[in-house]
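One structure below.
Below, chain A is the first sequence line, B the second, and so on; all start at residue 1. The basis for the numbers below is simple: all heavy atoms, side chains too, and nothing from hydrogens, waters or symmetry mates. Remember, predicted model here, so these are calculated numbers, not experimental data.
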Number of protein chains: 2
Amino acid sequence: MATLKQVAAHADVSVQTVSNALNAPHRLKPDTLRRVTRSIELLNYKPNRNARSLRTSAVELIGYCVPSWPHGQTHLVMDQFLHALCTAAERTGRHILLFTAPTGIDGMPVYDDLHARRLVDGFVLSQTETHDPRHGWLKEQRIPFVSFGRVWKETTQPGPYVDVDGAAGCATAVRHLYETGRRRIAFLSWPRTSGLAEDRLAGWRTTCKELELPTKDLAIRCPEDMIDEGARATAKLLDAGLEAGTPVDGIVAISDILALGALRELTARGLTAGVEVGVTGFDDSPLASVVSPALTSVRQPIDRIATELIALLTDSPAPADPATGGTERLLQPELVIRGSSAPG
Amino acid sequence: MATLKQVAAHADVSVQTVSNALNAPHRLKPDTLRRVTRSIELLNYKPNRNARSLRTSAVELIGYCVPSWPHGQTHLVMDQFLHALCTAAERTGRHILLFTAPTGIDGMPVYDDLHARRLVDGFVLSQTETHDPRHGWLKEQRIPFVSFGRVWKETTQPGPYVDVDGAAGCATAVRHLYETGRRRIAFLSWPRTSGLAEDRLAGWRTTCKELELPTKDLAIRCPEDMIDEGARATAKLLDAGLEAGTPVDGIVAISDILALGALRELTARGLTAGVEVGVTGFDDSPLASVVSPALTSVRQPIDRIATELIALLTDSPAPADPATGGTERLLQPELVIRGSSAPG
DNA sequence: CGGATTGTTTTTAACGTTCAAAATGCTGTG
DNA sequence: CACAGCATTTTGAACGTTAAAAACAATCCG
């Protein structure tokens with residue numbers, strides 16, 4: 001494996017000149033640059049990143065803690081997210097280093113260790129919890145990080161974040177169902193403990209109010225994100241609607257999994273999603289396009305999220321430029337319309 | 001951030017002694033060791049990995065190329081796999097570095113680059129294709145790697161691998177259906193181009209022959225791994241069975257997704273999976289336990305796979321010990337029985 | 001008691017890069 | 001022609017660690 005020294009000898013210049021050819025080519029006389037470049041190519045020289053990092057104390061690696069999920073639950077778009085994050089990191093010459101850690105504050109020693117040993121420059125957090133302690137901790141330790149997801153119910157965010165406007169996403173879903181003629185639109189949610197859930201729920205409620213649609217008894221909290229729970233909640237909604245003579249004709253689900261449950265319950269009752277009842281999901285997971293009728297779903301702009309995460313983490317500290325907007329980015333999701341809400 | 005030098009000064013020993021305290025504690029006098037250890041803790045010293053790597057030229061990082069999937073397809077167990085891989089790597093003090101690369105031979109320069117710049121020591125490959133060119137290439141370049149998945153249709157494997165005995169998995173599934181009284185067991189497969197598919201298909205066919213069950217016209221190749229395709233194939237099987245007066249009563253699917261299609265078609269026809277027809281999937285993805293009836297599925301031993309991958313990659317070159325079995329490991333999957341094959 | 005043996009600690013020199021400062025060469029100016 | 005000013009290149013030192021060899025200390029044996 002060629003080293004700077006060997007390239008220098010080959011090109012008959014000093015070691016530093018070769019280094020400059022790579023890191024500050026404008027400093028070299030065009031002629032020298034050409035000669036050095038040729039030697040680099042000839043010897044197939046690749047700079048040793050460890051030596052570089054030792055000198056500059058920057059490793060160009062970003063830590064990401066691979067979430068471990070409660071049994072039966074999976075992040076259906078995690079592979080998309082990781083791919084996007086990698087790609088975004090690579091665009092800046094960086095890479096993603098995976099690690100595992102206990103959840104919550106118990107995991108912080110691991111983060112600290114990775115940073116102290118100089119395995120990573122900083123972290124991308126995801127799976128932000130309502131009172132996530134990690135952000136404050138990292139900030140206190142002055143360890144660089146950026147979060148995918150806001151820290152809910154805190155007055156101030158303890159660091160830079162990128163998030164998706166879940167309220168807006170659900171609002172769009174409600175409006176879409178309204179435009180396709182639905183007038184009694186229910187919401188399948190998660191337990192109250194999740195800030196994420198409250199955000200999306202609020203989007204549904206506000207928009208229904210705006211459109212003068214009913215909301216009473218139309219929001220159901222499923223204890224877990226499972227198909228069965230979605231089906232059960234849907235059954236409850238349909239039954240109550242029939243009894244009262246005001247049938248539900250739209251269902252906005254907080255996740256694709258719950259929406260799938262709704263689809264299943266509809267099918268079981270001989271109803272067709274997209275005809276009698278419009279259904280939307282959230283995340284546009286791979287499942288959405290694979291079921292039938294295919295599921296209308298709110299898609300998070302994953303590539304954009306990844307790009308912004310990397311930018312916030314690696315760009316020079318907080319350009320107070322109001323145009324790019326400091327260190328907080330709220331991105332708008334997009335509704336992908338398929339058969340479950342509008343047949344044909 | 002404390003360095004060896006500072007710790008050495010604090011403990012009043014030489015730098016090398018501190019280094020030894022960490023890397024070869026048996027060489028120190030117990031008394032010295034105690035003193036040094038105390039200083040290390042007091043100063044909260046963490047060795048700088050870059051400096052270490054520079055000196056030893058081992059980075060303790062393993063590269064893994066995050067697969068980018070054709071639209072609509074996802075590896076439903078990828079997050080489980082990554083988690084297991086991380087954990088296994090961490091047990092040996094290593095970590096996983098993610099990267100992206102073009103598929104096939106076009107991606108090799110990326111692998112070469114990462115290795116040459118000393119960002120990684122070696123690679124874990126997955127998504128092995130039938131004539132995967134990567135293995136041979138890496139071997140030629142003497143870049144360490146290990147593969148999850150065999151290279152099919154080659155006389156010799158160009159490197160160490162771990163794989164799951166798909167034929168055995170399907171055989172188990174067939175036997176299980178047989179034991180629950182099924183006598184006409186079909187197989188939902190993928191296109192012929194996949195070695196993986198042929199392996200699993202062979203397991204089904206052989207076992208049916210052994211049990212003297214019919215196989216003619218009972219294997220269907222779905223062009224894509226999608227729920228719809230599984231449903232369509234199932235419909236075809238059920239129709240043909242009815243016509244001939246010999247109804248299909250068992251379905252072994254090569255993936256959970258296809259099995260889900262089978263479940264859907266059964267439901268659509270008013271049949272109950274696990275009662276009239278037994279259905280099994282492959283991979284035990286999160287979906288399997290979340291549908292209803294829950295899906296019986298062949299589970300790959302993911303943790304074991306990850307452990308063996310890391311072991312093969314990092315252990316001293318090929319212990320020719322026949323007990324642990326050289327550099328090729330074929331692991332046995334396990335059938336997870338749920339309602340889709342045996343109600344109640 | 002001398003010398004070999006073993007156990008413990010220190011010294012010296014690298015690993016491959018970049019930073020900061022110094023040196024060199026060149027151009028133009030008075 | 002002396003010299004300031006600039007562009008280009010080289011020198012020397014450092015980043016934090018470990019390998020190898022050397023030094024030192026303690027123990028054993030005849």
Side-chain angles (χ1 to χ4, degrees), chain A residues 1-40 43-61 93-94 113-121, chain B residues 1-40 43-61 93-94 113-121:
Chain A
M1 199 96 317
T3 70
L4 267 192
K5 214 176 188 176
Q6 293 165 21
V7 176
H10 185 272
D12 196 28
V13 291
S14 76
V15 176
Q16 183 64 41
T17 301
V18 183
S19 175
N20 284 336
L22 291 163
N23 301 320
H26 60 273
R27 287 207 206 144
L28 299 208
K29 210 156 73 182
D31 180 44
T32 323
L33 182 55
R34 252 193 311 280
R35 194 152 40 93
V36 173
T37 311
R38 224 187 102 251
S39 297
I40 287 177
L43 299 182
N44 190 28
Y45 167 74
K46 308 275 176 75
N48 180 317
R49 194 61 156 262
N50 290 122
R52 179 175 212 282
S53 293
L54 175 58
R55 187 65 243 246
T56 63
S57 68
V59 283
E60 321 268 74
L61 287 180
R94 273 164 259 253
D113 205 62
L114 287 169
H115 182 254
R117 307 184 116 90
R118 312 289 22 243
L119 265 86
V120 302
D121 291 328
Chain B
M1 200 96 320
T3 70
L4 268 192
K5 215 176 186 176
Q6 292 165 22
V7 176
H10 185 271
D12 195 28
V13 291
S14 77
V15 176
Q16 183 65 41
T17 301
V18 183
S19 174
N20 284 337
L22 291 163
N23 301 318
H26 60 274
R27 285 206 208 147
L28 300 207
K29 209 156 73 181
D31 180 44
T32 323
L33 181 55
R34 253 193 309 279
R35 194 152 39 93
V36 173
T37 310
R38 222 184 105 250
S39 296
I40 287 177
L43 300 182
N44 190 28
Y45 166 74
K46 308 275 176 76
N48 181 318
R49 199 53 160 263
N50 291 122
R52 177 174 214 282
S53 293
L54 175 58
R55 186 64 242 249
T56 63
S57 67
V59 284
E60 321 268 77
L61 287 181
R94 275 164 257 253
D113 207 61
L114 287 170
H115 182 255
R117 306 184 116 92
R118 312 286 25 240
L119 264 88
V120 303
D121 292 327

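Distance from the side chain of B/L54 is smallest for C/dG16 among the nucleotides C/dT9, D/dT18, C/dG16. Side chain of B/Q16, nearest nucleotide from C/dT8, D/dA20, D/dT17: D/dA20. For A/L28, the side-chain atoms get nearest to D/dT9 when compared with the rest of C/dT9, C/dT17, D/dT9. In the set D/dT17, D/dT9, C/dT17, the nucleotide with an atom closest to the side chain of A/A51 is C/dT17.
Formation of a donor-acceptor pair under 3.5 Å by the B/R35 side chain with backbone atoms of B/A11 is found in this model.
The base of C/dT17 lies outside donor-acceptor range of the side chain of A/R55, with no N or O pair under 3.5 Å.
The distance from atom CG of B/D31 to atom P of D/dA26 is 13 Å, rounded to the nearest whole Å. Between the C1' atom of C/dG16 and the CG atom of A/L4 lies a distance of 7 Å, rounded to the nearest Å. The distance between atom NZ of A/K5 and atom C1' of D/dT10, rounded to the nearest whole Å, is 15 Å. The separation between A/Q6 atom CD and C/dG16 atom P is 8 Å, rounded to whole Å. Atom pair A/I40:CD1 and C/dT17:P shows a separation of 10 Å (rounding to whole Å applied). Between the CG atom of A/N20 and the C1' atom of D/dT11 there is a distance of 13 Å, given to the nearest Å. In this structure, A/R52 atom CZ and D/dT17 atom P are separated by 20 Å, rounded to whole Å. The distance from atom CZ of B/R34 to atom C1' of C/dT8 is 15 Å, rounded to the nearest whole Å.
When all heavy atoms of A/S39 and A/H10 are compared, the closest pair comes out as OG-ND1, 2.7 Å.
Using a 4.0 Å heavy-atom criterion, one finds that B/S53 contacts no nucleic acid atom at all.
Listed pair A/S14 / D/dT9 fails the phosphate criterion, with no side-chain N or O lying under 4.0 Å from OP1 or OP2. Within the 4.0 Å cut-off from OP1 or OP2 of C/dT18, at least one side-chain nitrogen or oxygen of A/N23 is found. Remark: A/T3 is not in phosphate contact with C/dG16, judged by side-chain N or O atoms under 4.0 Å from OP1 or OP2. The shortest distance between the side-chain N/O atoms of B/R27 and the OP1/OP2 oxygens of C/dT8 is not below 4.0 Å.
Both A/T56 and B/L33 lie close to DNA chain C; mapped to their nearest nucleotides by heavy-atom distance, the more 5′-ward contact belongs to B/L33.
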Exercise for review: List the steps and the verdict of side-chain contact (heavy atoms from CB on, under 4.5 Å) for B/V59 and B/L119.
Suggested key: CA-CA 7 Å; B/V59 284; B/L119 264 88; over 6 Å; no
Check your understanding: Could you go step by step and tell me if A/R94 and A/E60 meet the side-chain contact (heavy atoms from CB on, under 4.5 Å) rule?
Key -> CA-CA 5 Å; A/R94 273 164 259 253; A/E60 321 268 74; 3.7 Å; yes
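Between B/R52 and B/N23 there is a side-chain heavy-atom pair separated by less than 4.5 Å.
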